[in-house]
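Note on naming: letters A, B, ... go to the chains in the order of the sequence lines (proteins, then strands), and numbering restarts at 1 for each one.
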Amino acid sequence: MSGIFHSSIGRKFAMALSAFFLMIFLLLHFSVNLVSVFSEDAFNQASHFMGTNPLVQFLMQPILILGVIFHFVMGFVLELRNKNARSISYAKNNGGANSTWMSRNMIYSGLAILAFLVLHFIDFWLPEINTKFIQGDISGLNIDGNFRYYEELVHKFENPLRVGAYVIAFVFLCLHLLHGFMSAFQSVGANNKYTKALQGFGKAYAIILPVGFIFIALFHHFSH
Amino acid sequence: MNLTLKIWRQKDSNTKGQMVDYKVNDISEHMSFLEMMDVLNEQLVNSGEEPVAFDHDCREGICGMCSLYINGEAHGPDRGVTTCQLHMRMFNDGDTITIEPWRATAFPVIKDLVVDRTAFERIQQAGGYISVNTSGNTQDANAIPISKEAADEAMDAATCIGCGACVASCKNSSAMLFVGAKVSQYALLPQGQVEATERVLNMVKQMDEEGFGNCTNTGACEVECPKGISLENIARMNREYLKASLKG
Ligand code: HEM
Ligand code: SF4
Ligand code: FES
């Protein structure tokens, strides 16, 4: 058991586990965001629950943050080791002949996602933590006594530059997942008679979620 | 046809190498790639130059000695063939062909296009065998029931000739396809079960120590492998490794 996380296969296993966790979280995040398109009220309720429930705030949120950090740090570790495994590169290499662009550039799509996550933290997470835990206001209400979550969301998506950055980031997320989804299954050793069927599901997941996030951002930008 | 060749020349493992341009004329499209290289070397010898060193032996796609990274692909642009089986009809008159050695830290260049692939042998020695008592009363292999499916899959895995094209094609110089095939050919058969746990642990440990990279599952190896070894073998090795790690 001891050597497993110091081995190439062990590292990729851990990478895939963190990726599965992130993909489940992404689905949850998407579901909550989607609610904002249909009902201001329901979105406020859901946000208030997620933002104040102690289980979510003090157990699931730290696990998520650690999961994200683990994933990108391990991504850098793997990239570095892989680069070292070829000290002299080819004068001519035709990567497109045998593999997809997405699979060869996971580190770049990942870096784009990381840049987005920094922006996203500054946009939403830091103000939330500031209001709730530094100013001590966990009521979730604005000065008029209504829930503040929906109006804050709408306000954020007024700036076209921010909306543009979000759209670009989600394109990279799509590229990351177009390879990553199936890759995670292969990393944990799941390659069998269900793989063909799963490929279709993976493609759908990798496209529908990012396109959905883009739709939600554009919806709030243009509809208010 | 007349061709321009850009070939990696390197005197020995301690000397820096570089790409050198050569011209060859009147190459028949029926020649194999290595026959074309023979024509070049004859030309070089006749003009008193050092011929280009490259590996080869059987010249019929079974020994795994020939290598060569041709125009950015291991064993050249054709599929399911080794360099010795590659025909010159895959190229056109006037083409420029770039020829490089396999590139991997674990496969250092010995001379020109010849690389040291003994890392593969050390991986095999770490566990790529079964211990069979050959005392004279060995059990007939046909007496052991094996399903057709398992026999076929084991045979497919065993067709790996250890050429190293998988490592050469992989952006990470990962040896996972080779090791996956070597683990699978035993994991699928009853004879391989006795040593299954130590086998996969030791072979993967050796693979990592040799300095091969991790697997990003790009699938480049499967496409470039002359024997069509499938990625399923890598998934099987991952399962075997995880299972063995829990046990051992
Ligand atoms: C925070 C920034 C991120 C970085 C820097 C990053 C980086 C990487 C890298 C380098 C790999 C390839 C590892 C390899 O096989 O060599 C990878 C794989 C993967 N990533 Fe990310 N990633 C990030 C965020 C995400 C997010 C948010 C998700 C999902 C919602 C995700 C899902 C995946 C999946 C599914 C894989 C495939 C795992 C495998 O091959 O086993 N990544 N990531
Ligand atoms: S798996 Fe294929 S490419 Fe790799 S060593 Fe074996 S035969 Fe060559
Ligand atoms: S020389 Fe034997 S496989 Fe090519």
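Across A:R104, A:M106, A:R81, the residue that shares the most heavy-atom pairs under 4.5 angstrom with chain B is A:R104.
Of all residues in residues 146-163 of chain B, none places a non-hydrogen atom less than 4.5 angstrom from a non-hydrogen atom of chain A. Within residues 205-230 of chain B, the residues having any heavy atom less than 4.5 Å from a heavy atom of chain A are, in residue-number order, B:M207, B:D208, B:G211, B:F212, B:G213, B:N214, B:C215, B:T216, B:N217, B:T218, B:G219, B:A220, B:V223, B:E224. Scanning residues 70-82 of chain B against chain A with a 4.5 Å non-hydrogen threshold yields B:N71, B:G72, B:E73, B:R79, sorted by number. At a heavy-atom cut-off of under 4.5 Å, chain A is reached by B:M19 from residues 6-22 of chain B, listed in order of number.
Checked against a 6.0 Å centroid threshold, the rings of A:F157 and A:F219 do not count as neighbours.
A distance-only check finds no donor-acceptor pair linking the side chain of B:D95 to the backbone of B:F91 [under 3.5 Å]. With hydrogens and angles disregarded, a donor-acceptor distance shorter than 3.5 Å links the side chain of A:N82 to the backbone of A:L78. With B:Q193 contributing its side chain and B:A187 its backbone, the two residues share a donor-acceptor pair below 3.5 Å. At least one donor-acceptor pair under 3.5 Å links the side chain of A:Q57 to the backbone N or O of A:M50.
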Worksheet item: Hey, mind stepping through A:L198 and A:F181 against side chain to side chain contact (heavy atoms under 4.5 Å, CB included) and telling me if it holds?
Response: CA-CA 9 Å; A:L198 202 60; A:F181 187 96; 4.2 Å; yes
Item to complete: Could you please spell out the steps behind the side chain to side chain contact (heavy atoms under 4.5 Å, CB included) verdict for B:F54 and B:T83?
Response: CA-CA 11 Å; B:F54 60 88; B:T83 294; over 6 Å; no
Item to complete: Begin with the C-alpha distance, continue with both residues' side-chain angles, and end with the deciding distance and a verdict on side-chain hydrogen bond (donor to acceptor under 3.5 Å, both in side chains) for A:H71 and A:S18.
Response: CA-CA 6 Å; A:H71 185 81; A:S18 69; 3.0 Å; yes
Discussion item. Under the criterion side chain to side chain contact (heavy atoms under 4.5 Å, CB included), I'd like the reasoning laid out for A:S187 against A:M182: C-alpha separation, chi angles, the key distance, then a yes or no.
Written reply: CA-CA 9 Å; A:S187 295; A:M182 283 316 292; over 6 Å; no
Discussion item. Set out, in order, the CA-CA distance, both residues' side-chain angles and the distance that settles side chain to side chain contact (heavy atoms under 4.5 Å, CB included) for A:F172 and A:L111, then state yes or no.
Written reply: CA-CA 9 Å; A:F172 279 104; A:L111 280 172; over 6 Å; no
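Under the 3.5 Å distance criterion, with hydrogens and angles disregarded, no donor-acceptor pair is assigned to the side chains of B:S174 and B:N172. For the residue pair A:D123 and A:Y166, a side-chain donor N or O sits within less than 3.5 Å of a side-chain acceptor on the partner.
Heavy atoms from other residues, nucleotides or ligands lying under 6.0 Å from CZ of A:F72 number more than 12. Around atom CZ of A:F201, no more than 12 heavy atoms belonging to other residues, nucleotides or ligands sit under 6.0 Å away.
Neither the backbone nor the side chain of A:T195 comes within contact range of chain B; no heavy atom of the residue lies under 4.5 Å from a heavy atom of that chain. Both the backbone and the side chain of B:E232 come within contact range of chain A, with heavy atoms under 4.5 Å apart. Both the backbone and the side chain of B:R103 come within contact range of chain A, with heavy atoms under 4.5 Å apart. In this structure, chain A has a heavy atom under 4.5 Å from the backbone of B:V167, while its side chain stays farther away. A:N84 touches chain B through its backbone: at least one of N, CA, C or O sits under 4.5 Å from a heavy atom, while the side chain does not. Both the backbone and the side chain of A:Y90 have a heavy atom closer than 4.5 Å to some heavy atom of chain B.
Of the charged side-chain nitrogens involved, at least one lies within less than 4.0 Å of a carboxylate oxygen, so that A:K83 and A:E79 count as a salt-bridged pair.
When all heavy atoms of B:V115 and B:D55 are compared, the closest pair comes out as O-OD2, 4.1 Å. B:D93 and B:N2 make their closest contact through OD1-N, 2.6 Å (heavy atoms, listed as atom of the first residue, atom of the second, distance). Residues A:A42 and A:S39 approach most closely at N-OG, 2.9 Å, considering heavy atoms.
With rounding to the nearest 0.5 Å, the separation of NE2 in A:H220 from CD in A:E158 is 12.0 Å.
Taking the six-membered ring for Trp and thresholds of 30 and 60 degrees, A:H120 and A:F124 have ring planes inclined between 30 and 60 degrees apart.
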